[in-house]
There are 2 protein chains.
Amino acid sequence: MAETRWLDDHEQRAWRAYLRMNTVLGAALARQLQSESMLSMPDFEVLVHLTDADDARIRVSELARVMRWEKSRLSHHLSRMEKRGLVGREECASDGRGAFIVLTDDGRAAIDAAAPSHVDAVRRYFFDAVTSDDVKSLAAIADRVIARVEATDTCPSV
Amino acid sequence: MAETRWLDDHEQRAWRAYLRMNTVLGAALARQLQSESMLSMPDFEVLVHLTDADDARIRVSELARVMRWEKSRLSHHLSRMEKRGLVGREECASDGRGAFIVLTDDGRAAIDAAAPSHVDAVRRYFFDAVTSDDVKSLAAIADRVIARVEATDTCPSV
DNA sequence: CTAACCTTGGTGACGTGTCAACTATTCCGG
DNA sequence: CCGGAATAGTTGACACGTCACCAAGGTTAG
């Protein structure tokens with residue numbers, strides 16, 4: 001690794017601002033969701049994907065695939081959500097190894113109650129603070145960075 | 001909460017891209033740091049701030065303040081780092097409650113070894129993927145979002 | 001001086017995330 | 001049909017973060 005190219009002042013400042021935005025924005029959204037709906041952000045994501053599924057039921061592996069979560073992480077998280085009554089597990093008739101995750105009535109109620117105020121918070125904290133050109137820029141930046149990371153990093157197919 | 005203003009397609013796409021960039025970029029940088037230096041990102045942050053401090057020693061509360069970490073989080077993390085020999089704890093003569101955190105030789109060696117390749121990874125994964133205008137845009141976006149969140153959210157002084 | 005209060009820092013419990021190892025089932029070549 | 005490989009999903013150990021609480025030392029009003 002010859003001659004590290006350190007970050008210049010502009011880069012340093014941008015990088016720190018980006019990291020800090022992640023921190024404070026994530027924390028603010030998590031707090032809002034938690035306090036109004038008793039859901040964490042991961043809970044919310046799982047419920048969203050479950051709502052999207054036909055008949056509000058989905059195989060664990062399929063859920064892991066669309067969420068891009070490790071199966072282990074998903075399994076742990078589903079266990080916790082099941083304990084709280086947000087989702088249920090059902091056996092799969094056609095594959096003895098498989099399991100379906102189903103949205104319970106409580107889970108449905110939770111996501112219905114949480115979604116509007118969560119979107120509102122995203123708008124208040126993020127979209128209301130930036131211009132529509134900013135939104136375009138950010139999408140472009142994110143797309144390029146994602147492509148770069150996924151091209152360079154291992155596991156290109158996940 | 002009257003009439004939720006849902007995200008339109010552009011916003012939806014930008015928001016998802018932003019979230020995904022956070023995920024993959026954070027994961028890639030964490031993996032790189034871990035595999036080359038046996039340090040986590042939080043480890044790295046702590047060591048950076050410790051290196052910045054006069055005499056590589058700093059009071060716990062001061063460290064928490066500059067890092068904007070909860071004292072509890074910092075205390076837990078320092079315990080783990082101390083167990084690995086990266087930092088040490090010393091009593092404070094002038095305040096019986098206080099404690100100094102000191103950078104050990106191992107800690108110094110770890111950060112010295114980690115920093116160049118970490119910066120390199122930030123460059124490869126992020127700065128090489130975007131233009132210098134993008135960097136300006138992102139800094140501006142982040143500054144505005146941070147200001148917005150901190151103005152709206154509780155705990156303005158943290 | 002001393003009682004109320006504040007500050008410093010740590011602890012335990014619990015939710016979350018990753019890794020490696022495991023069980024049970026299905027698939028597939030012979 | 002059988003035995004090994006692949007797949008589905010779970011589990012346990014451990015790192016990380018937050019919350020609520022606590023212990024011990026300082027600070028200050030009376």
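Below, chains carry the letters A, B, ... as their sequence lines are ordered, and counting in each starts from 1.
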Inset, instruction - Please determine if Arg123(A) and Asp120(A) form a salt bridge, counting it only when a charged side-chain N lies under 4.0 Å from a carboxylate O. - result: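 No, no charged N to carboxylate O under 4.0 Å.
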Legend entry - Carboxylate-amine/guanidinium contact Glu150(B) Arg20(A), below 4.0 Å: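 The answer is yes: the pair qualifies as a salt bridge.
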Legend entry - Donor-acceptor contact present, side-chain Ser79(A) to main-chain Ser75(A), <3.5 Å: yes
Inset, instruction - Using atom types as modelled and distance alone, determine if a side-chain donor or acceptor of Asp8(A) lies under 3.5 Å from a backbone N or O of His10(A). - result: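 Looks like yes, one N/O pair under 3.5 Å.
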Legend entry - side-chain N/O Ser75(B) vs dT11(C) OP1/OP2, d < 4.0 Å: no
Inset, instruction - Could you tell me whether the side chain of Leu33(A) reaches within less than 4.5 Å of the side chain of Leu29(A), counting heavy atoms only? - result: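 With C-beta onward as the side chain, the pair stays apart.
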Inset, instruction - Report yes or no: do Ser137(A) and Asp134(A) form a side-chain donor-acceptor pair below 3.5 Å? - result: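 Short answer, no.
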Please check if atom [atom1] in [X] has more than 12 non-hydrogen atoms from other residues, nucleotides or ligands closer than 6.0 Å.
| X | atom1 | value |
| --- | --- | --- |
| Asp9(A) | CG | no |
| Met38(B) | CE | no |
| Arg89(B) | CZ | yes |
| Arg16(B) | CZ | no |

Legend entry - Within residues 103-113 of chain B, residues whose heavy atoms come under 4.0 Å of DNA chain D: none
Legend entry - Sorted by number, the residues of residues 77-90 of chain A with heavy-atom contact under 4.0 Å to DNA chain D: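 Here the set is Arg89(A).
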Legend entry - Distance in angstrom units between Asp43(A) CG and dG15(C) P, rounded: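 The answer, rounded to whole Å, is 11 Å.
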Legend entry - Bend angle of the helix from dC1(C)-dG30(D) to dG30(C)-dC1(D), from helix axes over five pairs at each end, nearest 10°: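 Nearest ten degrees gives 0° for this helix.
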Inset, instruction - Pick out which of Phe44(A), Tyr125(A), Phe126(A) makes a ring pair (Phe, Tyr, Trp, His ring centres under 6.0 Å) with His118(A). - result: Phe44(A)
Scan the side chains in residues 104-114 of chain A for donor-acceptor partners under 3.5 Å anywhere in the protein, sequence neighbours excluded, and list what turns up.
{"from": "Thr104(A)", "atom 1": "OG1", "to": "Gly85(A)", "atom 2": "O", "distance (Å)": "2.6"}
{"from": "Thr104(A)", "atom 1": "OG1", "to": "Leu86(A)", "atom 2": "O", "distance (Å)": "2.9"}
{"from": "Thr104(A)", "atom 1": "OG1", "to": "Gly107(A)", "atom 2": "N", "distance (Å)": "3.0"}

Every protein N/O lying under 3.5 Å from an N/O of nucleotides 3-8 of chain C:
{"from": "dT7(C)", "atom 1": "O2", "to": "Arg97(B)", "atom 2": "NH1", "distance (Å)": "2.7"}
{"from": "dT8(C)", "atom 1": "O3'", "to": "Arg59(B)", "atom 2": "NH2", "distance (Å)": "3.4"}

Legend entry - Closest non-hydrogen atom pair, Ala142(A) against Tyr18(B):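 Answer, listing the atom of Ala142(A) first, then Tyr18(B): CB-N, 4.0 Å.
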Inset, instruction - List the atom of Ser117(B), the atom of Gln32(B), and the distance in Å for their closest heavy-atom pair. - result: OG-NE2, 3.1 Å
N/O contacts under 3.5 Å, protein versus nucleotides 18-20 of chain C?
{"from": "dT18(C)", "atom 1": "O4", "to": "His76(A)", "atom 2": "NE2", "distance (Å)": "3.3"}
{"from": "dC19(C)", "atom 1": "OP2", "to": "Glu70(A)", "atom 2": "OE2", "distance (Å)": "2.9"}
{"from": "dC19(C)", "atom 1": "N4", "to": "Ser72(A)", "atom 2": "OG", "distance (Å)": "2.5"}

Inset, instruction - Applying side chain to side chain donor-acceptor pair (under 3.5 Å), run through Arg80(A) and His77(A) and close with a yes or a no. - result: CA-CA 5 Å; Arg80(A) 290 188 295 261; His77(A) 204 88; 3.1 Å; yes
